[in-house]
Amino acid sequence: NNINLINVSNHEDNYSLYDVKYLSNGKSIELLGKVLSYESDESLKINVYVDGVLEKEDLIKVSKLESKSFNYRLSKNDW
């Protein structure tokens with residue numbers, strides 16, 4: 001029952017996922033957080049894995065230095 005975040009930034013491209021948390025009610029999991037691009041306007045790919053299996057894939061468009069929230073709900077049937 002944890003969340004693993006993977007750093008994909010380098011010196012030229014700098015992104016942040018923050019305030020990431022999940023809520024579970026036994027029937028579904030809700031994953032919430034925010035994303036920020038420090039250097040430029042970007043389309044960032046977010047992948048959500050449950051027990052090593054890709055369950056959700058999304059592309060988030062974020063403007064330089066503007067935070068954008070994300071929210072994914074997975075029902076227990078998804079895994």
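Looking at heavy atoms from C-beta onward, Phe70 lies in side-chain contact with Leu17 at the 4.5 angstrom threshold. Asn47 has its side chain out of reach of Asp58: every pair of non-hydrogen atoms, C-beta onward, lies at least 4.5 Å apart. Put simply, the side chain of Tyr72 does not reach to within 4.5 Å of the side chain of Ile29, judged on heavy atoms. Considering only heavy atoms from C-beta on, Leu31 comes within 4.5 Å of Val48 through its side chain. Under the 4.5 Å side-chain criterion, counting only non-hydrogen atoms from C-beta, Leu36 is not in contact with Glu66.
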Starting from the C-alpha separation in whole Å, work towards a yes-or-no answer on side-chain contact (heavy atoms from CB on, under 4.5 Å) for Lys68 and Lys34. CA-CA 5 Å; Lys68 190 159 191 181; Lys34 297 178 182 176; over 6 Å; no
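Every residue two or more places apart in sequence or in another chain was checked for a ring-ring contact (aromatic ring centres under 6.0 Å, His included) with Tyr38, and none qualifies.
Heavy atoms only, all atoms of each residue included: Glu30 and Asn71 are closest at OE2-ND2, 2.8 Å. Heavy atoms only, all atoms of each residue included: Ser28 and Ser75 are closest at CB-CA, 3.9 Å.
There is a path of hydrophobic side-chain contacts, each under 4.5 Å, that joins Ile60 to Leu74. Tyr49 and Val20 fall into different hydrophobic clusters, defined by Ile, Leu, Val, Met, Phe, Trp and Tyr side-chain heavy atoms under 4.5 Å apart, directly or through other members. Linking Ile, Leu, Val, Met, Phe, Trp and Tyr whenever their side-chain heavy atoms come within less than 4.5 Å puts Tyr18 and Leu65 in one cluster.
Here NZ of Lys64 is found 11.0 Å from CD of Glu42. Values are rounded to the nearest 0.5 Å. Interatomic distance, CZ of Arg73 versus CG of Leu32, reported as 8.5 Å (0.5 Å rounding). Distance check: Asp41 CG to Ser63 OG gives 4.5 Å after rounding to the nearest 0.5 Å. Atom NZ of Lys61 and atom CG of Leu44 lie 11.5 Å apart (nearest 0.5 Å).
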